[in-house]
Amino acid sequence: MPIDRPTDLDAALASLSDVPSAHLLAGGTDAMVEITFDQRRPEHIVALRRIPELRGYRVDDDELTFGAMLTYTQVERELASTAPGLAMAARTVGSPQIRNTGTIGGNLGTASPAGDTLPWLLALDARVELRSVRGSRELSLADFVTGPKRTAREPDELITAVRVPRVEGPQHVAKLGPRNAMVISVAMAAVIVDTTNRRVRAAFGSVGPRPIRASDAEQQVSDAIDWDALTCPDDAIVHFADACAEASQPISDHRSTADYRRHAVAVLAARSLRRCLAA
Ligand SMILES: Cc1cc2nc3c(=O)[nH]c(=O)nc-3n(C[C@H](O)[C@H](O)[C@H](O)COP(=O)(O)OP(=O)(O)OC[C@H]3O[C@@H](n4cnc5c(N)ncnc54)[C@H](O)[C@@H]3O)c2cc1C
């Protein structure tokens with residue numbers, strides 16, 4: 001099978017325009033599993049590793065931009081104070097080998113309901129930047145992920161970056177699975193106490209066909225928080241947890257029952273919010 005190894009973004013976009021059915025290869029931690037198990041037989045591959053424009057990240061006053069080829073290891077090592085929730089999520093991904101090569105762009109490209117970066121990105125209203133030879137566009141993450149492992153990406157488009165607003169305040173990400181490492185989550189929570197905008201942000205993974213935002217729960221608890229003292233009455237936290245569970249749309253499968261997932265959302269939501277407020 002032909003493999004293009006472009007060394008800049010324009011060359012990659014040209015390759016993809018010539019062969020829109022080509023499979024994009026970032027770190028390969030999802031793609032190579034599918035190819036090895038014969039679940040995917042790409043006729044053409046465009047490898048993204050040599051493209052400098054997709055690497056790294058940018059920290060601006062009001063915005064963080066993560067390049068599609070940013071690895072989990074880089075997030076853990078270099079962004080722990082700037083994007084603490086994303087670093088917490090990155091730390092839970094796979095093994096050191098997976099974190100060294102797996103990328104944010106690949107997590108978005110796969111769009112698994114269990115993708116560990118997606119709840120944090122969704123909670124922050126992330127915008128996904130897509131480029132093709134036709135131009136560029138941005139989609140909210142909510143519009144980008146259209147279903148389980150389905151996205152709004154056109155075949156000739158590349159994810160180049162994902163952006164979030166820079167907000168102050170504590171963040172917590174919690175992942176639940178049957179063991180502590182190398183695990184696909186049964187439920188995942190990202191809670192951000194955004195003191196810049198005086199609002200709580202909360203999103204969940206593995207409890208719906210795509211990451212779930214708990215907007216009503218966010219609104220209710222944001223109204224209950226004392227934003228100067230950063231405290232919240234306990235009954236409001238319990239109410240928040242119940243409203244998050246209510247927003248989830250879990251299914252029963254070989255990893256968990258829907259009831260257990262719903263219960264887990266409530267537990268992770270309350271725990272994450274309490275940790276934020278105690279920080
Ligand atoms: C042992 C193991 C453990 C894992 N553990 C976890 C875990 O704990 N949590 C978790 O979330 N995931 C986990 N994964 C899944 C995987 O590591 C992640 O989804 C990772 O982020 C994929 O990134 P990648 O760079 O390897 O993507 P690839 O495998 O190269 O690509 C994944 C998909 O995204 C597409 N793609 C990649 N880059 C782009 C781009 N720039 N534009 C458009 N499409 C693109 C590809 O075409 C492909 O469809 C695990 C995988 C393995 C094998």
Side-chain angles (χ1 to χ4, degrees), residues 3-6 9 12-13 15-16 19-37 39-56 66-76 86 88-122 128-132 136-137 139 144-145 148-162 173-188 190 205-206 210-211 255:
I3 303 183
D4 292 350
R5 295 184 180 84
L9 185 56
L13 297 179
S15 286
L16 206 49
V19 191
S21 61
H23 192 71
L24 295 166
L25 188 70
T29 59
D30 278 323
M32 293 312 296
V33 173
E34 290 177 359
I35 292 168
T36 304
F37 284 97
Q39 292 157 357
R40 187 186 288 278
R41 283 196 176 199
E43 287 163 15
H44 198 110
I45 284 182
V46 178
L48 305 177
R49 191 167 286 191
R50 295 175 194 192
I51 303 172
E53 294 98 317
L54 300 180
R55 292 196 207 122
F66 309 113
M69 289 298 286
L70 183 66
T71 66
Y72 297 111
T73 299
Q74 283 176 288
V75 173
E76 281 180 84
L86 186 63
M88 284 179 200
R91 258 177 240 125
T92 75
V93 172
S95 61
Q97 295 90 333
I98 297 294
R99 296 196 290 275
N100 283 342
T101 179
T103 64
I104 301 271
N107 214 222
L108 288 164
T110 294
S112 161
D116 280 335
T117 65
L118 304 187
W120 185 84
L121 289 170
L122 181 66
V128 180
E129 182 187 273
L130 295 156
R131 291 274 294 273
S132 71
S136 70
R137 62 177 180 140
L139 286 180
F144 175 75
V145 180
K149 299 197 172 182
R150 287 205 304 274
T151 73
R153 182 180 81 86
E154 296 293 338
D156 66 340
E157 285 181 318
L158 249 177
I159 302 163
T160 44
V162 57
V173 166
K175 176 171 171 176
L176 178 73
R179 58 186 184 202
N180 283 339
M182 287 289 286
V183 69
I184 295 175
S185 70
V186 162
M188 174 98 176
S206 287
R210 45 192 192 147
R255 285 198 192 91

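Keep in mind that what you see is a predicted model, and the values were worked out from it rather than measured. Every number for a ligand or one of its atoms is a count from 1 in the order of the listing.
- Closest protein heavy atom to atom 33 (C) of ligand 1: T110 OG1, 3.3 Å.
- Side-chain atoms of K175 come within 3.5 Å of backbone N or O of T92 as a donor-acceptor pair.
- Every atom of ligand 1 is numbered from 1 in the order shown, and the set under 4.0 Å from a heavy atom of M182 is 1 (C).
- The closest protein non-hydrogen atom to atom 28 (P) of ligand 1 is G28 N, 3.5 Å.
- Under the 4.5 Å side-chain criterion, counting only non-hydrogen atoms from C-beta, T117 is not in contact with V162.
- The protein heavy-atom contact nearest to atom 12 (N) of ligand 1 is N107 ND2, 3.9 Å.
- Using a 4.5 Å heavy-atom threshold, the side chains of L9 and L158 count as touching.
- Close contacts between ligand 1 and V33 involve ligand atoms 53 (C) [criterion: under 4.0 Å to a heavy atom].
- Put simply, the side chain of T110 never gets that close to the backbone of S112: no donor and acceptor are under 3.5 Å apart.
- When side chains are defined from C-beta on, P178 counts as touching V186, because their heavy atoms get closer than 4.5 Å.
- For atom 19 (O) of ligand 1, the closest heavy atom belonging to the protein is D30 OD2, 2.6 Å.
- Among all protein heavy atoms, the one lying closest to atom 41 (N) of ligand 1 is I159 O, 2.9 Å.
- The protein non-hydrogen atom at the shortest distance from atom 13 (C) of ligand 1 is V93 CG1, 4.1 Å.
- The N/O atoms of A26, backbone and side chain alike, include one that comes under 3.5 Å of an N/O atom in ligand 1.
- Listed by number with element, the atoms of ligand 1 under 4.0 Å from a non-hydrogen atom of L48 are 38 (N), 39 (C), 40 (C), 41 (N).
- When only non-hydrogen protein atoms are considered, atom 16 (C) of ligand 1 lies nearest to T29 OG1, 3.2 Å.
- Among A161, A90, G109, the residue whose heavy atom sits closest to atom 34 (O) of ligand 1 is G109.
- What you find for V183 and G177 is that their closest heavy atoms are CG2-CA, 4.0 Å.
- No donor-acceptor distance shorter than 3.5 angstrom exists from the side chain of T29 to the backbone of G102, with no hydrogens or angles considered.
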Could you list the donor-acceptor pairs under 3.5 angstrom formed by side chains in residues 43-52, with sequence neighbours left out?
{"residue": "H44", "atom": "NE2", "partner": "D4", "partner atom": "OD1", "Å": "3.4"}
{"residue": "H44", "atom": "NE2", "partner": "D4", "partner atom": "OD2", "Å": "3.1"}
{"residue": "R49", "atom": "NH2", "partner": "T101", "partner atom": "OG1", "Å": "3.0"}

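- The single protein non-hydrogen atom nearest to atom 52 (C) of ligand 1 is I98 CD1, 3.7 Å, given as residue, atom name and distance.
- Near G115, the atoms of ligand 1 lying under 4.0 angstrom from a non-hydrogen atom of the residue are 11 (O).
- Proximity of F66 to L86: side-chain heavy atoms (C-beta onward) are separated by under 4.5 Å at one or more points.
- Numbered from 1 in the order shown, with element, the atoms of ligand 1 that lie under 4.0 Å from a heavy atom of A68 read 41 (N).
- For a threshold of 3.5 Å applied to N or O pairs, the pair formed by Y72 and ligand 1 contains at least one separation below that value.
- Using a 4.0 angstrom heavy-atom cutoff, A114 counts as in contact with ligand 1.
- Residue contact check for ligand 1: K175 places a non-hydrogen atom closer than 4.0 Å to it.
- By the 4.0 Å heavy-atom criterion, L54 is excluded from the residues contacting ligand 1.
- Residue R40 places no N or O, backbone or side chain, under 3.5 Å from any N or O of ligand 1.
- Residue contacts with ligand 1 for R153 involve side-chain atoms from C-beta outward but no N, CA, C or O (heavy atoms, distance under 4.0 Å).
- Between the choices L158, V128, D116, the shortest heavy-atom distance to atom 10 (C) of ligand 1 belongs to D116.
- Panel note: side chain R210, backbone V145; a donor-acceptor pair is recorded below 3.5 Å.
- Within the 4.5 Å cutoff, no side-chain heavy atoms of L16 are placed close to those of S132.
- Other residues, nucleotides and ligands contribute over 12 non-hydrogen atoms within 6.0 Å of the CD1 atom of I35.
- The ligand atoms of ligand 1 that sit less than 4.0 angstrom from a heavy atom of V183 are 8 (O).
- Under a 3.5 Å cut-off, the side chain of R99 and the backbone N or O of V93 do form a donor-acceptor pair.
- Here M69 has no heavy atoms under 4.0 Å from ligand 1, in either its backbone or its side chain.
- The shortest side-chain heavy-atom distance between L122 and P119 does not fall under the 4.5 Å cut-off.
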Let me check something: any side-chain donor-acceptor pairs from residues 148-155 under 3.5 Å, sequence neighbours excluded? List them with distances.
{"residue": "T151", "atom": "OG1", "partner": "R153", "partner atom": "N", "Å": "3.2"}
{"residue": "R153", "atom": "NH1", "partner": "E157", "partner atom": "O", "Å": "2.4"}

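- Close contacts between ligand 1 and T92 involve ligand atoms 8 (O) [criterion: under 4.0 Å to a heavy atom].
- For ligand 1 and L24, the ligand atoms under 4.0 Å from any heavy atom of the residue are 42 (N), 43 (C), 44 (N), 46 (C), 47 (O).
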